[in-house]
Amino acid sequence: QVQLVESGGGLVQPGGSQKLSCAASGRIFIIYVMGWYRQAPGKQRELVAAITRAGGPNYADSVKGRFTISRDNAKNTVYLQMNSLKPEDTAVYYCNADVVVTPAAPNRDYWGQGTQVTVSS
């Protein structure tokens, strides 16, 4: 089994910064794409940012220029540096990873439990 554990959420003032981390553990052969999604109250879960194993990033338009995604393949960890935070960034942030557990197994998605980020004065 594969577990994703997020950390780094909390309360931050508008204009502030926060960094999220997500570490994958368990039976892992290789992780392809890792990403961050978020879900605000009453809204659907949306992609915030994703990164390939080679380090190629992809961002939602709403966070371009403010958020930076990165990863450490040796640690099976993905990060999300969030700057210039706005109240509309308030949401539960979920980590996602596309994992292969053995060379013969198909890849599948795994999710973290989510971490709350609240942007408020």
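When reading the values below, keep in mind they use all heavy atoms of this one structure, side chains included, and skip hydrogens, waters and symmetry mates.
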Practice task
Take Val78 and Cys95 through the test side chain to side chain contact (heavy atoms under 4.5 Å, CB included) and record every step on the way to the result.
Solution key: CA-CA 8 Å; Val78 63; Cys95 174; 3.8 Å; yes
[Y] side chain reached by [X] side chain, heavy atoms, under 4.5 Å:
{"X": "Gln116", "Y": "Thr90", "value": "yes"}
{"X": "Tyr110", "Y": "Val101", "value": "yes"}
{"X": "Ile28", "Y": "Val2", "value": "yes"}
{"X": "Tyr79", "Y": "Asp72", "value": "yes"}

Determine the minimum heavy-atom distance between [X] and [Y], stating which atoms define it.
{"X": "Thr102", "Y": "Val100", "answer": "O-CG1, 2.9 Å"}
{"X": "Ala40", "Y": "Ala91", "answer": "N-CB, 3.8 Å"}
{"X": "Asn76", "Y": "Met34", "answer": "O-CE, 3.9 Å"}
{"X": "Ser17", "Y": "Asn83", "answer": "OG-OD1, 2.9 Å"}
{"X": "Leu47", "Y": "Ala50", "answer": "CD1-CB, 4.2 Å"}
{"X": "Leu4", "Y": "Ala24", "answer": "CD2-CB, 3.2 Å"}

Problem - Residue pairs fulfilling ring pair (Phe, Tyr, Trp, His ring centres under 6.0 Å) with at least one residue in residues 6-53, sequence neighbours excluded - result: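 Only Tyr37-Trp111 qualify under ring pair (Phe, Tyr, Trp, His ring centres under 6.0 Å).
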Identify, with sequence neighbours excluded, every residue that meets side chain to side chain contact (heavy atoms under 4.5 Å, CB included) alongside [X].
{"X": "Ser120", "result": "Leu11, Thr118"}
{"X": "Val117", "result": "Gln18, Leu20, Met82, Tyr93, Val119"}
{"X": "Glu88", "result": "Lys86"}

Handout entry: Distance in Å, Gln1 CD paired with Ser25 OG, rounded so as to fall on 0.5 Å steps
Key =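 The CD atom of Gln1 sits 10.0 Å away from the OG atom of Ser25.
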Practice task
Kindly compute the distance separating CD (Gln81) from OG (Ser21), expressed to the nearest 0.5 Å.
Solution key: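 Taking CD in Gln81 and OG in Ser21, the distance rounds to 9.5 Å.
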Practice task
Could you pull out all residues at least two apart from Gln39 that satisfy side-chain hydrogen bond (donor to acceptor under 3.5 Å, both in side chains)?
Solution key: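 In terms of side-chain hydrogen bond (donor to acceptor under 3.5 Å, both in side chains), with neighbours along the sequence ignored, Gln39 is linked to no residue.
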Practice task
Without swapping roles, check the side chain of Asp109 against the backbone of Asn96 for a donor-acceptor pair under 3.5 Å.
Solution key: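 Not at all, since once roles are kept as given, no pair shorter than 3.5 Å links the two residues.
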Handout entry: Sidechain-backbone polar pair: Arg71 side chain, Thr52 backbone, donor-acceptor under 3.5 Å
Key =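 Here the side-chain-to-backbone pair exists.
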Let me have the donor-acceptor pairs involving side chains of residues 57-64, under 3.5 Å, with sequence neighbours excluded, atom names and distances please.
from: Tyr59; atom 1: OH; to: Ile69; atom 2: N; distance (Å): 3.0
from: Asp61; atom 1: OD1; to: Lys64; atom 2: NZ; distance (Å): 3.1
from: Ser62; atom 1: OG; to: Arg38; atom 2: NH2; distance (Å): 3.4

